[in-house]
*Asks:* 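Could you have a look at this structure, given as structure tokens, before my questions?
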Amino acid sequence: MERKTVLVSGGAGYIGSHTAVELINAGYDVVIADNLSNSDISGVEGVRAITGVDVPFVNVDCCDKQAFAQLFEQYNFDSVIHFAAYKAVGESVADPMKYYRNNLLSFINVVDLMRQYGRHNIVFSSSATVYGEADTLPVTEATERKAATSAYGNTKQMCEDILRDASGAYEQINGIALRYFNPIGAHPSALIGELPRGVPQNLVPYITQTAAGVRECLSIFGDDYPTEDGSCLRDYIDIVDLAKAHLAAINRMTEGRCNAKYEVFNVGTGRAVSVFELVKTFEKVNNLKLNYKVAPRRQGDVVAVWADTALANKELGWQAERSLEDTLRSAWEWEKRVRNIK
């Protein structure tokens, strides 16, 4: 059987590196493209160490169409998984143009170049933020997309629309958008994990950095939400489970099992966990005490969102497997390795 090649744009990053591992383990060849603006070459090195494969890496900005085109000239991949985007909700509210420029242009370039070079399948890294403040929970793929509460969320909606329209108009382009919820944890090997540049914008790396003494205190943004304990509710999915969902999507496309040229799937656990519950679970499973305080609400945050995953379970043949406890243990093992904590 001919081996298939997948381009993973943004593949040095948190989700991209874990997805690359799952693709390689399943028999795909992988090319990683990343400009390392919000990631590190150690992500690529980790993929190589885990898989034993010398994965090709190209340092390229997907917004630079001319440079990006050279990668299409050099490598014969038929499928792309596009992760290359900025992803901090708060930052996108403060600096929206940074997000519109990078997230939209990089994706437009990917779709344009796929058309130009005769490539077919694209999996887009979307987000539960497209649902905004949903009227009913859990959200299904048929749930109305509300007006985005941040520029980040708006770019995800706009890229979904671009993919929907492009796959409808151009015979060769097939698209799957995976709307995922809150990825956390690290690979069981502790060789790859979430390594944000500067101050973490996501909860779990801030938790682990606080536990490691890198951050003095964890801020929990709001304890006055209309939830049981006053903190936001989210659907936290293990990073390896999430990576396997991308593998399932690529398999579906390469095996010709899609029901339409453009499909959308929620990728989550289907379970709502509060911020306070997450913090307490981390403390319990790792036998630690965190220094944390309650801070004012953060602009752009919705009260609650979690997934109905029935469609992904049925159509992709995929479901989340790892427990929250195991995931939070893996996050701390990764942080300890990065910080050389025994």
Side-chain angles (χ1 to χ4, degrees), residues 8 10-26 39 43 46-47 50-51 81 83 87 123 125-129 138-139 178-196 200-209 211 232-251 265-286 288 305-313 316-338:
V8 182
Y14 178 42
I15 308 174
S17 60
H18 286 81
T19 299
V21 167
E22 296 305 318
L23 288 166
I24 293 164
N25 287 344
S39 59
V47 173
I50 292 166
T51 61
I81 305 180
F83 294 107
K87 60 175 187 174
V123 176
S125 164
S126 193
S127 166
T129 56
V139 293
L178 295 183
R179 292 174 178 166
Y180 36 82
F181 287 68
N182 293 68
I184 61 170
H187 193 268
S189 66
L191 290 171
I192 50 175
E194 191 166 8
L195 188 65
Q201 300 289 330
N202 294 334
L203 178 58
V204 170
Y206 212 111
I207 287 174
T208 58
Q209 289 190 17
C232 291
L233 294 173
R234 294 290 183 270
D235 187 334
Y236 294 99
I237 179 168
D238 184 273
I239 186 64
V240 176
D241 282 338
L242 177 58
K244 288 178 178 176
H246 291 82
L247 170 63
I250 285 289
N251 286 341
F265 297 101
N266 284 339
V267 183
T269 66
R271 178 178 171 232
V273 175
S274 78
V275 175
F276 282 125
E277 182 185 350
L278 189 81
V279 168
K280 288 168 184 170
T281 304
F282 179 86
E283 290 181 324
K284 182 180 177 183
V285 300
N286 294 306
L288 290 166
V305 64
W306 68 94
D308 180 322
T309 62
L311 189 67
N313 299 159
L316 293 179
W318 167 93
Q319 64 181 26
E321 294 174 349
R322 294 186 80 193
S323 70
L324 182 64
E325 289 79 6
D326 285 346
T327 300
L328 291 173
R329 279 191 201 97
S330 74
W332 180 230
E333 289 302 315
W334 157 253
E335 190 71 40
K336 285 195 294 183
R337 192 186 75 78
V338 171

*Asks:* If every non-hydrogen atom of A312 is compared with every non-hydrogen atom of N266, which pair is closest and at what distance?
*Replies:*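 That closest heavy-atom pairing would be CB-O, 3.4 Å.
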
*Asks:* I'd like to know whether L278 forms a side chain to side chain contact (heavy atoms under 4.5 Å, CB included) with I207, so could you lay out the CA-CA distance, the side-chain angles of the two residues, the decisive distance to 0.1 Å, and finally the verdict.
*Replies:* CA-CA 10 Å; L278 189 81; I207 287 174; 4.1 Å; yes

*Asks:* Mind running side chain to side chain contact (heavy atoms under 4.5 Å, CB included) on D235 and V305 for me, showing each step along the way?
*Replies:* CA-CA 7 Å; D235 187 334; V305 64; over 6 Å; no

*Asks:* Should the ring pair F282 and W332 be called parallel, tilted or perpendicular, given that the plane angle runs from 0 to 90° and is split at 30 and 60?
*Replies:*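 Because their plane-to-plane angle is over 60°, the rings of F282 and W332 count as perpendicular.
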
*Asks:* Are side-chain heavy atoms of Q209 and P196 found at a separation under 4.5 Å?
*Replies:*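 Answer yes - side chains close enough.
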
*Asks:* Of the non-hydrogen atoms in W318 and K244, which two are nearest, and what is the gap between them?
*Replies:*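 Looks like CD1-C, 3.9 Å.
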
*Asks:* Enumerate, atom names and distances included, each donor-acceptor pair closer than 3.5 Å involving a side-chain atom of residues 11-18, sequence neighbours excluded.
*Replies:*
residue, atom, partner, partner atom, Å
Y14, OH, I184, O, 3.3
Y14, OH, G185, N, 3.1
Y14, OH, G185, O, 2.6
S17, OG, G13, O, 2.8
S17, OG, Y14, O, 3.1
H18, ND1, Y14, O, 2.8
H18, NE2, H187, N, 3.1

*Asks:* Under the rule for salt bridge (charged side-chain N to carboxylate O under 4.0 Å, His left out), what residues qualify as partners of R234, not counting sequence neighbours?
*Replies:*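 R234 satisfies salt bridge (charged side-chain N to carboxylate O under 4.0 Å, His left out) with no residue once adjacent residues are dropped.
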
*Asks:* Which heavy atom of A307 sits nearest a heavy atom of G268, and at what distance?
*Replies:*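 Scanning both residues completely, I find the closest heavy atoms to be CB-CA, 4.3 Å.
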
*Asks:* Please identify which of these residues, V267, V123, N251, meets the side chain to side chain contact (heavy atoms under 4.5 Å, CB included) condition with H246.
*Replies:*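 Exactly one candidate clears the test, V123.
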
*Asks:* Mind checking salt bridge (charged side-chain N to carboxylate O under 4.0 Å, His left out) for E333 and listing every partner two or more places apart, or none if nothing turns up?
*Replies:*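 Partners of E333 by the salt bridge (charged side-chain N to carboxylate O under 4.0 Å, His left out) criterion, ordered by chain and then number, come out as K336.
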
*Asks:* Compare all side-chain heavy atoms of L328 with those of Y236 and state whether any distance is below 4.5 angstrom.
*Replies:*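 Heavy-atom side-chain distance check fails, nothing below 4.5 Å.
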
*Asks:* Got a second to check how far E325's CD is from N286's CG, nearest 0.5 Å?
*Replies:*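 It is 10.5 Å, given to the nearest 0.5 Å.
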
*Asks:* A186 and R322: which non-hydrogen atoms are nearest, and at how many Å?
*Replies:*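 Looking at all heavy atoms of both residues, the closest pair is O-NH1, 3.5 Å.
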
*Asks:* Quick check: closest heavy atoms across V240 and E22, and the distance to 0.1 Å?
*Replies:*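 Nearest pair, atom of V240 first, then E22: CG1-OE2, 3.7 Å.
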
*Asks:* Test your reading of the model: is there a side-chain donor-acceptor pair from R337 to the backbone of A190, 3.5 Å cut-off?
*Replies:*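 At least one qualifying donor-acceptor pair exists.
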
*Asks:* Can you give me the closest heavy-atom contact between P205 and T208, atom names plus distance?
*Replies:*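 P205 and T208 have their closest heavy atoms at O-OG1, 3.0 Å.
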
*Asks:* Got a second to check how far N202's CG is from K87's NZ, nearest 0.5 Å?
*Replies:*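 It is 5.0 Å, given to the nearest 0.5 Å.
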
*Asks:* Measure the CG-CG distance between D238 and N182 for me, rounded to the nearest 0.5 Å.
*Replies:*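 CG of N182 is found 13.0 Å from CG of D238.
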
*Asks:* To the nearest 0.5 Å, how far apart are CZ in F181 and OG1 in T309?
*Replies:*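 Between atom CZ of F181 and atom OG1 of T309 there are 9.0 Å.
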
*Asks:* T269 and L324: side chain to side chain contact (heavy atoms under 4.5 Å, CB included), yes or no, with the steps?
*Replies:* CA-CA 10 Å; T269 66; L324 182 64; over 6 Å; no

*Asks:* Please round to the nearest 0.5 Å and tell me the distance separating atom CG of D308 and atom CG of N313.
*Replies:*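 The CG atom of D308 sits 8.5 Å away from the CG atom of N313.
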
*Asks:* So, taking the atom named CZ in R271 and the one named CD1 in I237, what distance separates them when rounded to the nearest 0.5 Å?
*Replies:*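 The CZ atom of R271 sits 13.5 Å away from the CD1 atom of I237.
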
*Asks:* Please answer whether the main-chain N or O of R179 pairs with a side-chain N or O of S126 as donor and acceptor at a distance below 3.5 Å.
*Replies:*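 It does not hold such a pair.
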
*Asks:* Would you say L23 and I81 make side-chain contact, with heavy atoms under 4.5 Å?
*Replies:*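 SC-SC contact between L23 and I81 confirmed.
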
